[in-house]
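Input: a single structure, listed below in structure tokens.
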Amino acid sequence: MKYFPLFLSLLPVVGTAQTAKRADAARPNVILLLADDLGYGDLQCYGACGVETPAVDALARSGIRFTNVHAMASTSTPSRYALLTGEYAFRKQGTDVAAGNAGMIIRPEQYTLADVFHDAGYVTGAIGKWHLGLGDKTGEQDWNAQIRPSLESLGFDYHYIMAATADRVPCVFIENGYVANYDADSPIEVNYRRNFEGEPTGKENPELLYNLKSSHGHDMSIVNGIGRIGFMKGGGKALWRDEDIADSITHHALQFIEQNQNSPFFLYLATNDVHVPRFPHQRFRGKSTMGLRGDAIAQFDWTVSQVVAQLERLGLRENTLIILTSDNGPVVDDGYADRAEELLGNHRPAGPFRGMKYSSFEGGTMIPFIVSWPERMRKTGGTSDVLLSQIDLMASLASLAKVRIPDEAAPDSRDRLAQITGKSRKDAKYILEYPSNHNISIRTRRWKYIPPCNGSPMITWGPKIETGNLNQPQLYDMNSPWEAQNVADKYPKVVRQMQEWIDLERGK
Ligand code: NG6
Ligand code: CA
């Protein structure tokens with residue numbers, strides 16, 4: 001493969017005397033496997049029906065399945081920002097869902113989760129969906145040359161990524177800053193404001209949408225018979241085929257693991273599944289009773305099976321800590337006519353929770369969270385209902401790697417390694433949730449509070465999802481998971497306390 005010589009040539013740089021050794025119990029390999037838009041209820045071990053997820057379920061049996069862990073935000077960019085920096089996304093402008101030509105949102109000077117492992121002497125990799133911007137400035141990248149700065153400035157030794165999402169241009173993978181399989185005969189241009197002359201769009205040429213039609217939006221450039229967000233030109237043989245994205249991401253992940261089997265590694269493996277456009281490979285078609293969305297879940301499960309099998313084959317499974325989770329809650333119709341709504345049957349993507357992706361309700365941030373580390377986590381197959389947020393992964397994994405996070409970095413992340421490895425069930429005092437309308441909400445074990453917020457109770461621009469907006473305070477007793485009965489009037493003291501905590505955090 002193209003990157004091997006390049007990558008091997010990096011080894012002397014990152015391969016200090018310490019890293020020449022394989023991972024050991026003191027320094028396990030770590031794989032953070034982040035699904036996209038996978039809901040709390042989307043896996044069999046969390047109650048999914050209509051699709052089987054044997055590999056994920058086996059992973060859960062080999063470790064702990066958590067039932068009360070939240071993403072920081074209910075969309076991708078802010079959620080991933082918090083996960084990778086340990087800083088609440090609301091502290092920073094420009095952390096909303098990023099365009100494919102966004103400049104880097106995490107700035108090179110920031111300390112990241114990858115820096116943690118880098119400082120611990122690990123080899124670090126990011127493979128799959130990025131969605132946190134590339135290059136210095138929005139719209140100023142040259143996609144035909146090395147894009148800099150890129151993930152190397154955030155602590156990643158190797159990166160093979162999609163700039164944003166599969167529904168956003170540019171529709172190419174980028175490997176260590178260069179478009180993978182670059183086609184010199186077809187230079188790439190990207191623009192999020194206007195089209196390139198003579199290029200068809202979904203809006204004007206719907207007859208060219210031979211793979212998927214859109215249900216809302218997604219009517220700009222057409223790639224692989226699918227309309228996208230944003231305009232692009234060129235790409236040629238570098239353009240991805242949507243049905244091959246999971247194979248491509250998985251393939252590079254397996255190679256990364258193999259290449260680095262003799263050194264502790266940290267792999268941030270962010271799948272495209274199950275984000276739109278859902279267009280899984282032919283061999284997964286019909287695997288579920290739910291059409292393309294369910295088949296994409298089956299494809300995700302396949303990726304998990306391949307990663308685990310690779311670790312087993314290389315004798316690394318025992319001493320690899322795998323964390324499997326998702327960036328935000330689920331969505332059914334997210335802009336393509338893929339029949340996800342019609343074929344849902346009894347399946348409940350958000351499980352017992354109200355709301356989904358984008359929402360202030362729990363379904364926006366409740367996500368699956370599975371941790372497996374056979375070497376150290378011996379009591380397995382259980383569940384934990386400890387209340388946690390992904391914001392704490394950074395401090396927790398720094399604790400695992402025995403790295404001291406520099407002052408000022410990861411200001412909102414706390415060490416909860418004991419909870420994550422099943423040794424403690426002490427809840428976070430509270431966790432914050434950041435929905436797409438920026439109305440920061442808060443959870444404790446017992447309560448959920450949503451501050452008053454004007455605006456429509458339903459999303460108005462496409463997805464059929466409740467926003468959680470109400471022009472009065474909302475307080476729900478989480479002893480019942482579905483946020484049904486607003487008891488704010490009955491517990492004014494609780495409401496005041498919750499609002500105070502939000503104000504305190506926001507004011508920091
Ligand atoms: C929305 C897109 C949706 C998805 C989302 C980001 C439209 C109509 N909808 O704006 O399809 O891409 O952004 O999803 O454009 S996320 O999981 O990456 O945050
Ligand atoms: Ca997402």
Side-chain angles (χ1 to χ4, degrees), residues 32-40 42 70-84 89 94-102 105 128-133 161-171 192 201-203 209 212-223 226-231 242 245 268-279 292-293 296-297 300 325-338 340-341 349-350 355-359 363-368 390 433-438 458-465 467:
L32 178 53
L33 215 162
L34 188 66
D36 199 351
D37 295 0
L38 187 74
Y40 184 89
D42 275 330
H70 289 250
M72 194 259 141
S74 60
T75 53
S76 158
T77 302
S79 171
R80 289 161 199 253
Y81 178 86
L83 183 71
L84 291 173
T95 53
D96 282 325
V97 174
N101 67 346
I105 294 169
K129 174 181 174 175
W130 179 237
H131 210 188
L132 285 162
I161 54 162
M162 308 160 75
T165 55
D167 58 348
R168 285 176 175 75
V169 303
C171 299
Y192 269 72
T201 63
K203 196 169 178 181
L209 301 175
L212 271 180
K213 308 236 178 295
S214 45
S215 59
H216 55 266
H218 303 112
D219 59 358
M220 295 170 232
S221 284
I222 301 171
V223 175
I226 299 176
R228 316 279 166 168
I229 307 169
F231 304 101
D242 299 74
I245 289 176
Y268 173 68
L269 176 51
T271 67
N272 168 55
D273 292 318
V274 297
H275 197 278
V276 296
R278 302 163 190 132
F279 207 68
L292 294 169
R293 185 172 188 279
I297 296 175
F300 172 76
T325 187
S326 178
D327 67 338
N328 52 251
V331 50
V332 185
D333 179 349
D334 207 12
Y336 291 96
D338 57 11
E341 205 97 51
M356 296 197 192
K357 179 176 177 176
Y358 309 111
S359 179
T365 58
M366 275 297 286
I367 33 82
Q390 288 178 351
E433 303 172 6
Y434 192 47
S436 61
N437 65 3
H438 296 184
M458 296 296 291
I459 290 178
T460 51
W461 48 268
K464 294 190 199 89
I465 296 177
T467 56

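In each ligand, atom 1 is the first atom listed, and ligand 1 is the first ligand listed.
Geometry at the Ca ion (ligand 2): OD2/Asp327 and OD1/Asp36 form an angle of 80°, nearest 10 degrees. The angle subtended at the Ca ion (ligand 2) by OD1 of Asn328 and OD1 of Asp37 is 100°, given to the nearest 10°.
For ligand 1, the atoms sitting less than 4.0 Å from at least one non-hydrogen atom of Asn328 are 17 (O), numbered in the order shown with element in parentheses. For ligand 1, the atoms sitting less than 4.0 Å from at least one non-hydrogen atom of Tyr358 are 1 (C), 3 (C), 4 (C), 5 (C), 13 (O), numbered in the order shown with element in parentheses. Close approach of ligand 1 to His131 (heavy-atom distance below 4.0 Å) involves ligand atoms 18 (O). Below 4.0 Å from some heavy atom of Asp36 lie the following atoms of ligand 1, by number and element: 17 (O). Atoms of ligand 1 found under 4.0 Å from any heavy atom of Val97 (numbered from 1 in listed order, with element): 6 (C), 13 (O), 19 (O). For ligand 1, the atoms closer than 4.0 angstrom to any heavy atom of Thr165 are 18 (O). Near Asp37, meaning under 4.0 Å from any of its heavy atoms, are these atoms of ligand 1: 17 (O). Atoms of ligand 1 lying under 4.0 Å from at least one heavy atom of Val276, given by number and element, are 11 (O).
Here the closest non-hydrogen pair linking Thr271 and Ala35 is OG1-CA, 3.4 Å. Annotation for Ile297 and Asp42: closest pair CG2-O, 3.5 Å, computed over non-hydrogen atoms. Nearest approach of Ala164 to Gly100, heavy atoms of both residues: CB-CA, 3.7 Å. Here the shortest heavy-atom pairing between Asp333 and Ser215 reads OD1-OG, 2.7 Å. Looking at every heavy atom in both residues, Ser436 comes nearest to Thr75 through CB-CG2, 4.1 Å.
Looking at Thr325, Asn328, Asp327 one by one, the single match for side chain to side chain contact (heavy atoms under 4.5 Å, CB included) with Ile367 turns out to be Thr325.
Looking at Arg293 and Asp334, no side-chain N of the basic residue comes within less than 4.0 Å of a carboxylate O on the acidic one, giving no salt bridge.
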Before you tell me yes or no, could you show the steps for Lys129 and Ile245 under side-chain contact (heavy atoms from CB on, under 4.5 Å), namely the whole-Å CA-CA distance, both residues' side-chain angles and the distance that decides it to 0.1 Å?
CA-CA 10 Å; Lys129 174 181 174 175; Ile245 289 176; over 6 Å; no
Evaluate side chain to side chain donor-acceptor pair (under 3.5 Å) for Thr165 paired with His275, printing each intermediate quantity in order.
CA-CA 8 Å; Thr165 55; His275 197 278; 5.0 Å; no
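With respect to atom 7 (C) of ligand 1, the closest heavy atom belonging to the protein is His218 CE1, 3.8 Å. Among all protein heavy atoms, the one lying closest to atom 15 (O) of ligand 1 is Ile229 CD1, 3.2 Å. In this structure, the protein non-hydrogen atom closest to atom 18 (O) of ligand 1 is Lys129 NZ, 2.9 Å.
Note: an N/O pair closer than 3.5 Å links Ser76 and ligand 1 by distance alone. Polar contact check, Thr77 against ligand 1: no nitrogen or oxygen pair lies under 3.5 Å apart. The shortest N or O to N or O distance between Lys357 and ligand 1 is under 3.5 Å.
In this comparison of His216, Arg168, Arg228, the heavy atom closest to atom 2 (C) of ligand 1 sits on Arg168.
Between Tyr434 and His438, the angle of the ring planes stays under 30°, which puts this pair in the parallel group of the 30/60° scheme. Note: Trp461 and His216 have perpendicular aromatic rings, judged against thresholds of 30 and 60 degrees for the angle between ring planes.
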